[in-house]
Amino acid sequence: MSEDILDEEKIQEEMNTQYQENMEEAAEQVEETIEEIEEPEAEVTVTKEGETEKPEKSKSKLPLYIAVAVAVLALLGVCGYLIFQNVGKYKGYKKDKSGIYYKFHDEIHTDAEMPKTGDLVGILFSLRTEDSTLIPMIPNEMLMDSVGVNDFFAAIRMMHVGDSATFIFNGQEFFDQMMEGQEYPFGDEPLYADVKLYGHMPKAEFEKAKAAYEAELDQRKNAEQDSIAAYVAKNKMGEPTPEGLYIKTIKKGSGPLLQDGQEVTVHYVGKLLDGTEFDSSIGRNEPFTFVLGNHQVIPGWELALSKMHVGEQAIVLIPSVMGYGERGAGNMIDPYTPLVFDIRVLSAKNSDAAAE
């Protein structure tokens, strides 16, 4: 985004030139107004009796004062407006009424939609200071909230779909609002957010899509037990453990029972209930090593391996509650998807992590 930011020095030079021209024009208008309403000084006349006669005093000069005051106020108003708009805390940036400093880049898509609170938006954004990058440019979908009048959501509400802009925030306030109160690592340095708004879904449309998705999840959740029961019957998986896990031993192991804290090395193949393969250490020719009990794998793996011996091979059916649950994983593992693993325990040894 940095290469898209306009030349601030050029902008400031153009602002100063325009400012000077407006000042000179306003001053000329004041002078012309005063000249038009000035009255010539009245002459003193002498009567036949030799007495001097003073002219009648002119009527109140109040109109003159009013005209001058109006002209001066107009001049000050022009100056104040230009100063407010163009000579701000950050050169090249404007400040909106809520206190957000902003600068739009390229074309502003005035005919496009603008997000509101409750809408879903798609953005590309980065966070940085003048010299350091905190978050590089990444895509993100977020539900528009509002935790303050001058927060990140308020800034996005200033944009149209297709717009690109840079906003400036107080770093610690931004972290308090958007980063769950984490400490801002750059002290008093301002925080810059480069944002492109590329997508938008109105609240009503989002809630409709959300309701449809939740209905689909409920359907998948209710169908999971029937799918597991059918697979167990077809493949003679036997009875489940108290936790609901199915373990069918293919080859007994001659080594010791695996223990928490051991560094365990296995080969495995992961499949869906319909036989679709989604992962395989055998296919990569890379045995997988992890520390049992350190939560480096899904709960179903932890439980299954804790019941196996070195050298053992087993087919393990893991319900989604001990797998990836309602969130799923990647493109192949949908929410509420039970998984089947063919696991062979190759070795186990006490790990350095366990010793520590």
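Values reported hereafter were calculated over all heavy atoms of this structure, with side chains retained and with hydrogens, waters and symmetry mates removed.
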In sequence, state the C-alpha distance, the side-chain angles, and the governing distance for Glu224 and Ser320, and then conclude on side chain to side chain donor-acceptor pair (under 3.5 Å).
-> CA-CA 8 Å; Glu224 181 179 2; Ser320 66; 2.7 Å; yes
When you measure from the side chain of [X] to the backbone of [Y], do you find a donor-acceptor pair of N or O atoms at a distance under 3.5 Å?
X	Y	value
Asp218	Ala215	no
Glu113	His160	no
Ser306	Leu303	yes
Asp96	Ser98	yes
Thr249	Lys251	no
Thr241	Leu245	yes
Ser281	Pro287	no
Lys196	Gly162	yes
Gln172	Tyr184	yes
Thr133	Ile135	no

Do Met322 and Leu317 belong together in a cluster built from hydrophobic side chains that touch within less than 4.5 Å?
->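 Each belongs to a different hydrophobic cluster.
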Answer with yes or no whether the hydrophobic clustering places Met179 together with Phe186; edges join I, L, V, M, F, W, Y residues whose side-chain heavy atoms lie under 4.5 Å apart.
-> yes
Identify the two heavy atoms, one from [X] and one from [Y], that lie closest to each other, and give their separation to 0.1 Å.
X	Y	answer
Ile228	Leu273	N-CD1, 4.2 Å
Ile247	Ala304	CD1-CA, 4.1 Å
Pro335	Glu326	CB-O, 3.0 Å
His295	Glu302	N-OE2, 2.9 Å
Ile100	Ala155	CD1-N, 3.8 Å
Gly323	Pro299	O-CD, 4.4 Å

Could you walk me through whether Thr337 and Arg220 pass the side chain to side chain donor-acceptor pair (under 3.5 Å) test, one step at a time?
-> CA-CA 8 Å; Thr337 297; Arg220 292 187 63 87; 3.2 Å; yes
Counting only heavy atoms from other residues, nucleotides and ligands, does the tally under 6.0 Å from [atom1] of [X] exceed 12?
X	atom1	value
Asn222	CG	yes
Arg327	CZ	no
Gln296	CD	yes

Do the side chains of Leu124 and Val195 get nearer than 4.5 Å, heavy atoms only?
-> no
Check: Ile298 and Tyr324 side chains under 4.5 Å, non-hydrogen atoms =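 Touching, per the 4.5 Å side-chain cut-off.
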From the options Arg157, His200, Lys203, select the one residue that forms a side-chain hydrogen bond (donor to acceptor under 3.5 Å, both in side chains) with Asp119.
-> His200
Whether Phe169 and Phe167 hold their rings parallel, tilted or perpendicular, with breakpoints at 30° and 60° =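 Ring orientation of Phe169 relative to Phe167: tilted.
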Describe, in one word, how the ring planes of Phe278 and Phe341 are oriented to each other, choosing from parallel (under 30°), tilted (30 to 60°) and perpendicular (over 60°).
->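 Phe278 vs Phe341 ring planes: perpendicular.
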dist Phe104:CZ -> Met159:CE (nearest 0.5 Å) comes out at 5.5 Å
In Å and rounded to the nearest 0.5 Å, what is the CG to OH distance from Leu346 to Tyr268?
->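 Separation between the atoms: 12.5 Å.
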Using a distance-only test with no angle check, is there a side-chain donor-acceptor pair under 3.5 angstrom linking Asp274 and Thr276?
->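 Thr276 and Asp274 do have a side-chain donor-acceptor pair below 3.5 Å.
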Ion pair Lys271/Asp279, N-O distance below 4.0 Å |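 No, no charged N to carboxylate O under 4.0 Å.
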Are Asp194 and Arg128 ion-paired here, with the side-chain N under 4.0 Å from a carboxylate O?
-> yes
Test Ser254 against His309 for side chain to side chain donor-acceptor pair (under 3.5 Å), laying out the working first.
-> CA-CA 7 Å; Ser254 57; His309 297 74; over 6 Å; no
